[in-house]
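Input: a single structure, listed below in structure tokens.
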Amino acid sequence: MKKKQANKLKILNDPIYGFIQIPNSLIFDIIEHPYFQRLRRITQMGFSNLVYPGANHTRFHHAIGCMHLMQKVITVLRFKQVAISKEEENALYIAILLHDIGHGAFSHALEHSIVNGISHEEISLRFMKELNKEFGGKLTLAIEIFEGKNPRKFLYQLISSQLDIDRLDYLKRDSFYTGVTEGNISSDRLIAMMNIKNDELVLEKKGIYSVEKFLIARRLMYWQVYLHKTGLVAENILVNVLKRAKELAEKGEELYASSSLKYFLQNPITANNFTEKTLEMFSKLDDFDVLSAIKEWVHHKDKVLSLLSKMIVDRKLLRIEIQKNNFEASYIQKKQDYAVKKLQILKEDAHYFVFHQQISNQAYNLKSPILILNKKGQLKDIAKASDQLNIEALTIPVVKHFICYPK
């Protein structure tokens with residue numbers, strides 16, 4: 001009997017955009033690959049669901065949504081007589097699909113705890129190069145665009161810029177799943193206003209108000225969602241849990257963990273020793289490994305690991321204070337002394353429960369401006385083209401300091 005051919009031109013139903021079509025069999029095969037399927041097990045927003053219970057969507061959702069928006073962009077640009085070859089079109093789909101493939105469990109937590117000196121962008125690139133070998137060099141152009149090495153600047157800008165497809169999807173998607181309506185941007189309107197001038201991505205002047213709303217929405221989403229105080233505390237506790245687990249594992253302490261998590265706990269991982277084996281182990285590591293380990297670590301004999309794990313599992317988090325100025329050393333010391341006494345821990349372990357950092361948010365960066373195209377064909381930075389004074393204000397980074405300590 002003849003083997004039945006799989007139907008690779010599937011349609012997915014997305015709660016935000018409706019039906020999303022997979023454009024061709026190569027894209028289908030990349031989506032089907034275990035590296036990409038792992039994204040179903042990586043939450044898009046880490047521990048934001050401790051604040052917004054609906055925020056359980058995944059990196060898989062987001063990547064598929066980005067591919068859909070890219071299809072719309074290509075249709076709009078071709079309608080405006082921008083030449084985009086079939087190869088470039090495919091490369092854009094692949095680059096945007098895989099732009100987040102290097103994210104670890106709970107998104108950024110791994111980058112600050114058990115994997116050091118290598119960013120998720122660099123890991124994404126390594127995944128892409130590995131897939132390129134498997135797919136016989138069909139990802140070469142996508143990698144060139146992803147790295148910003150293609151002479152057509154706008155191709156890279158669609159993947160990574162201040163008005164890229166990534167932001168157009170995550171703002172709308174995160175707004176939808178959290179229920180925070182301030183982030184609900186009009187991605188359709190923004191895409192309809194896109195154009196290319198001197199090989200750069202620009203927005204037609206008719207879309208200026210949509211860009212203003214997009215920038216303000218981004219600022220509001222950062223303070224209301226991405227940098228929400230409860231989310232900040234939870235993510236930092238998770239980082240400390242993994243740091244403590246790694247510290248214990250390196251001393252030879254026996255810890256419950258999946259084989260992939262154990263690999264990262266027992267071995268010091270940096271950019272220099274991130275081998276093919278490391279990549280393979282990373283591709284098997286997801287949120288489930290981390291959460292199942294933390295549930296077991298609640299009962300571990302190490303008091304620090306046990307207390308930190310229990311905080312996450314029971315959602316009994318540390319208290320957080322946020323202010324404009326840095327905290328006085330005497331105030332930090334006072335909180336550490338309190339933690340030692342209250343939790344009955346050693347003085348050298350107090351930093352796991354009392355820590356201070358700074359956060360910053362710059363909604364608009366003048367170094368890579370969003371350019372507005374007027375009817376005369378002239379280009380102007382949105383900060384100067386807009387009659388909204390607050391767009392200029394969004395270029396100033398807002399820095400805040402926070403301290404966490406036991407209640």
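Position 1 is the first residue of the sequence; numbering continues from there. We use all heavy atoms of the structure for the numbers below, so side chains are in, but hydrogens, waters and symmetry mates are not.
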*Ion pair Asp349/Arg244, N-O distance below 4.0 Å*: yes

*Assert yes or no for the condition that the ring centre distance of Phe36 to Phe60 is strictly below 6.0 Å.*
yes

_Looking only at the aromatic ring of each residue, does the gap between the centers of His57 and Phe176 stay below 6.0 angstrom?_
no

*Is Lys80 atom NZ crowded by more than 12 heavy atoms from other residues, nucleotides or ligands, each under 6.0 Å away?*
yes

*Within a reach of under 6.0 Å around NZ of Lys262, are more than 12 heavy atoms found that belong to other residues, nucleotides or ligands?*
yes

*Kindly say whether the aromatic ring centers of Phe106 and Phe47 come within a distance under 6.0 Å.*
yes

*asked:* Please verify the inter-ring angle class for Tyr170 with Tyr226; under 30° counts as parallel, over 60° as perpendicular, anything in between as tilted.
replied: perpendicular

*How about His68 and Tyr17: are their ring centroids closer than 6.0 Å?*
yes

_Pairing of Glu200 and Lys153 as salt bridge, 4.0 angstrom limit_ = yes

_Taking the basic N atoms (NZ, or NE/NH1/NH2) and the acidic carboxylate oxygens, is any pair closer than 4.0 Å for Arg41 and Asp287?_
no

_Closer than 4.0 angstrom, basic N to acidic O: yes or no for Glu247 and Lys251?_
yes

*Salt-bridge contact Arg173-Asp14 (side-chain N to carboxylate O under 4.0 Å)*: yes

